[in-house]
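Please read the structure below before turning to the comments.
Worth saying up front: this structure is predicted, and the values here are computed from it rather than measured.
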Amino acid sequence: QVQLVESGGGLVQAGDSLRLSCAASGRTFSTYAMGWFRQAPGKEREFVAVISRSGGITRYADSAKGRFTISRDNAKNTVFLQMNSLRPEDTAVYYCAARETIAVFTIPEQASYWGQGTQVTVSS
C-alpha cells in the first residue's frame with residue numbers, strides 16, 4: 001500500500017514557475033515508477049510526466065516538453081515536478097500516481113495509487 005500526498009500548487013501568473021512535490025509513504029518507494037497527471041474542469045485526466053523507479057527513464061507529454069521536469073529523491077520518498085513558463089492552459093488539478101513496475105506508464109488506468117491532487121491556476 002502506498003499513500004501519496006501532493007503539495008506545491010497555487011495561483012501564479014503566466015510565465016511563472018511552480019514546483020510540485022509528492023511525498024510517498026512506505027519503504028518500497030524505489031520500486032515504483034511515479035507519474036504526474038492533470039485534470040482540467042470538464043476534461044479527462046491526462047498524462048503530464050513520468051519517471052522510472054531508478055530515475056533513469058523519463059517521459060513527457062508534448063505540452064510539457066521543454067517546460068516541465070520530473071525528478072525523484074528515493075532517499076526522501078519524494079517525486080517532484082518543476083514547471084516553468086506556465087501558461088493559462090496548464091490550469092488543472094495535478095495528481096501524483098504510482099505503479100510498481102520496472103518500466104514507466106503514461107495512461108491513467110495503469111496507475112495503482114493516486115494522491116488527492118493539488119490545484120494549479122495560471123492567470124493570463
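- Nearest heavy atoms, Gly115 versus Glu6: CA-OE2, 3.2 Å.
- Judged by distance alone, with hydrogens and angles left aside, the side-chain atoms of Asp90 form no donor-acceptor pair with the main-chain N or O of Ala14 at under 3.5 Å.
- Here the side chain of Glu46 pairs no donor or acceptor atom with the backbone of Gln39 at under 3.5 angstrom.
- Taken from CG in Leu81 to CH2 in Trp36, the straight-line distance is 6.0 Å, to the nearest 0.5 Å.
- A chain of hydrophobic side-chain contacts below 4.5 Å, direct or via other Ile, Leu, Val, Met, Phe, Trp or Tyr residues, connects Tyr94 to Leu18.
- Put simply, CE on Met34 and OG1 on Thr101 are 13.0 Å apart, with the number rounded to the nearest 0.5 Å.
- Here Leu11 sits alone; no ILVMFWY side chain lies under 4.5 Å from its own, so it joins no hydrophobic cluster.
- Between Arg72 atom CZ and Ile51 atom CD1 the span is 6.0 Å, to the nearest 0.5 Å.
- If you take OG on Ser52 and CZ on Arg59, they are separated by 8.5 Å, rounding to the nearest 0.5 Å.
- Annotation: ring pair (Phe, Tyr, Trp, His ring centres under 6.0 Å) contacts involving residues 58-83, sequence neighbours excluded, are absent.
- Using modelled atom types and a 3.5 Å distance limit, the side chains of Asn84 and Ser17 yield a donor-acceptor pair.
- Counting heavy-atom neighbours within 6.0 Å of Glu100 CD, excluding the residue itself, gives a total above 12.
- Seen from the ring of Tyr95, Arg38 does not count as a face-on cation partner, given the 6.0 Å and 45° thresholds.
- Of the candidates Val50, Thr69, Ile70, Thr58 forms a side chain to side chain contact (heavy atoms under 4.5 Å, CB included) with just one, namely Ile70.
- The shortest heavy-atom contact between Pro108 and Arg45 is CG-O, 3.8 Å.
- Side-chain contact check for Glu89 and Thr91: no donor-acceptor pair (N or O, by modelled atom type) lies under 3.5 Å.
- Ring centroids of Trp114 and Phe37 are separated by less than 6.0 Å, placing the two rings close together.
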